[in-house]
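Keep in mind the model is a prediction, meaning the values are calculated, not measured.
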Amino acid sequence: MTGPRSPNLSGALYMTLSMAAFTLNDACVKLVAETVPLFQIVALRGLATTIMLAVFVQMTTGLRFSIPRRDRPLVAGRTLAEVGAMVCFLLALTNMSIANATAILAALPLAVTLGAALVFGDPVGWRRMTAIGIGFLGVLLIVQPGTDGFNAWSLLVLLSVVIITGRDLLTRAFSPAVPSMTVAVLTAGAVGVFGGVMSLFEPWQALDPREAVLVFAASVFIIGGYVFGIMAMRVGEVSFVSPFRYTSLVFALVLGLTIFDEFPNALALLGGVIVVATGLFTLLRERIVARAAARAAARSAATPGAPHG
């Protein structure tokens, strides 16, 4: 008989499922956007996602909208950032390779590490700063400015990375009293409302069965991404689980090749490898530094006469 999975392996599995779900959501949107206006898709997906997610949360943890006063501007800012990042990424996704878009998005952990150092003063040594710099050079290989392979839409993905970095930094500033799933429901609702408003400026069209199934599937997949992502962060060590975010690039490569007949050129592939490698190195260094700090704190606490504050 096979024994129970360790918390780390469970977390890795949940993170992999989360990345698969988000990538499948992207693929569904990209497919249906070939025949349906984008903001109509965003509105319909947002409506379905909000309803299903609210029901799920109510049935599991209970939907609570009691957000502390100090956190309300942070939640509002995070919601606006989510909407902005969504618009940038989906506009780019419908006009470029899903693998290239996902590879650029893979620079997010590097950007968040740099942002946390600049905003919160997190210590980042020369090794991680070097890795961040090399990682951003990898992004340039994917974007390929000034070459025949350049796609201007990739700049929108870069903008979405910047916006998502701001979103994650705002999230980090939340107090523990902010219910995570409530924020997810509010975000889904805001995305749907924004899509509905923007869709008024383009003609709506009736969905055929295939398009309706794709929109519904996108809603289900994005909820799966949220739920599995939260489950991943609640089991195992974050430093062990986080690197499995990069499985999204594998899924994007497979879907791009099998569904859209897209495959990155050699430079973009090299850039993707560099981004993933430097991201993994950065996460590994964060784990090493955190463990060293914990050991130092333990030694300090064990020393007789050590001050306690």
(message) Can you confirm whether more than 12 heavy atoms, excluding those of F216, are under 6.0 Å from its CZ atom?
(response) no
(message) Given 3.5 Å as the limit, does a donor-acceptor pair link the side chain of N25 with the main chain of F221, or not?
(response) no
(message) Using modelled atom types and a 3.5 Å cut-off, is there a donor and acceptor pairing between side-chain atoms of D168 and backbone atoms of L108?
(response) no
(request) For N100 and E262, test the side chains for any donor-to-acceptor distance below 3.5 angstrom and give the result as yes or no. (result) no
(request) For I104 and S154, run side chain to side chain contact (heavy atoms under 4.5 Å, CB included): C-alpha distance rounded to whole Å, both residues' side-chain angles, the deciding distance at 0.1 Å, then the answer. (result) CA-CA 8 Å; I104 296 172; S154 58; 3.6 Å; yes
(request) Using only heavy-atom distances, determine whether the side chains of S219 and R45 contain a donor-acceptor pair under 3.5 Å. (result) no
(request) Kindly work out whether a path of hydrophobic side-chain contacts (I/L/V/M/F/W/Y, heavy atoms less than 4.5 Å apart) joins L80 to F174. (result) no
(message) Give me the atom names and distance for the closest heavy-atom approach of V275 to G138.
(response) CG2-C, 3.8 Å
(request) Identify the two heavy atoms, one from T278 and one from G135, that lie closest to each other, and give their separation to 0.1 Å. (result) OG1-CA, 3.3 Å
(request) Spell out, as yes or no, whether a donor-acceptor pair under 3.5 Å connects the side chain of S199 to the backbone of G196. (result) yes
(request) Check whether any side-chain N or O of T182 sits under 3.5 Å from a backbone N or O of R64 as a donor-acceptor pair, and report yes or no. (result) yes
(message) Check whether R245 reaches the backbone of T16 with its side chain - one donor and one acceptor, N or O, closer than 3.5 Å.
(response) no
(request) Look at the side chain of T50 and the backbone N and O of A188, then say whether any donor-acceptor pair between them is shorter than 3.5 Å. (result) yes
(request) Please confirm whether the backbone N or O of R127 pairs with a side-chain atom of R285, one donor and one acceptor, at under 3.5 Å? (result) no
(message) Tell me whether T23 contacts the main-chain N or O of M19 through its side chain, where contact means a donor paired with an acceptor under 3.5 Å.
(response) yes
(request) Could you state whether I41 and L31 fall into the same hydrophobic cluster, counting links through intermediate Ile, Leu, Val, Met, Phe, Trp or Tyr residues with side-chain heavy atoms under 4.5 angstrom apart? (result) yes
(request) Sequence neighbours left out, what pairs pass salt bridge (charged side-chain N to carboxylate O under 4.0 Å, His left out) with at least one residue falling in residues 95-105? (result) none
(request) Kindly work out whether a path of hydrophobic side-chain contacts (I/L/V/M/F/W/Y, heavy atoms less than 4.5 Å apart) joins I134 to L249. (result) no
(request) May I have the step-by-step check of side-chain hydrogen bond (donor to acceptor under 3.5 Å, both in side chains) for T171 and R78, ending in yes or no? (result) CA-CA 7 Å; T171 305; R78 185 196 184 282; 2.8 Å; yes
(message) Does atom CG (D208) have a neighbourhood of more than 12 heavy atoms from anything else shown, all under 6.0 Å?
(response) yes
(request) Give a yes or no on whether F201 atom CZ has more than 12 heavy-atom contacts from other residues, nucleotides or ligands under 6.0 Å away. (result) no
(message) Please give me the minimum heavy-atom distance between Y246 and L283, naming the atom from each residue.
(response) CE1-CD1, 4.2 Å
(request) Taking only Lys NZ, Arg NE, NH1 and NH2, and the carboxylate oxygens of Asp or Glu, determine whether D122 and R172 approach each other closer than 4.0 Å. (result) yes
(message) My understanding is that only residues two or more places apart in sequence, or in another chain, count here; which of them pass side chain to side chain contact (heavy atoms under 4.5 Å, CB included) with P176?
(response) none
(request) Please confirm whether the backbone N or O of M96 pairs with a side-chain atom of K30, one donor and one acceptor, at under 3.5 Å? (result) yes
(request) Quick one: closest heavy-atom pair of A85 and S160, and the distance? (result) O-CB, 3.8 Å
(request) Could you tell me which non-hydrogen atom of Q40 sits nearest to which non-hydrogen atom of E202, and how far apart they are? (result) N-OE2, 3.4 Å
(request) Locate the shortest heavy-atom distance separating R167 from A81; write the atom from each residue and the value. (result) CB-CB, 3.8 Å
